[in-house]
Amino acid sequence: MAAAKKKTGGRKQDRARVAGGQKYEVGYEAKKTGRSAAAVKKAVKKVGNSRKKVEKRLGS
């Protein structure tokens, strides 16, 4: 028998991050927070790609 694959929760982890290089991710976060795409990219560079930290930095 083949071993069962272990689920890692990849989607949940993915949603907790902002991909600064992905135009649609940056656009979504910009629209959500009411800030510019450049401000979102700057926040990602400053605090990392954690969605919570980026939103906190942007004042959302």
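Here the structure is a predicted model, which is why all the values come from computation and not from measurement.
- Inter-residue side-chain proximity for Val54 and Asn49 is flagged as unmet; no heavy-atom pair is nearer than 4.5 Å.
- For the atom pair NZ (Lys32) and CD (Glu55), the distance works out to 3.5 Å, reported to the nearest 0.5 Å.
- Scanning for side chain to side chain donor-acceptor pair (under 3.5 Å) contacts around Arg51 gives Glu25, Glu29, with sequence neighbours left out.
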For residues 35-44, which side-chain N or O atoms pair as donor and acceptor with protein atoms under 3.5 Å away, sequence neighbours left out?
from  : atom 1 : to    : atom 2 : distance (Å)
Arg35 : NH1    : Leu58 : O      : 3.0
Ser36 : OG     : Ala39 : N      : 3.1

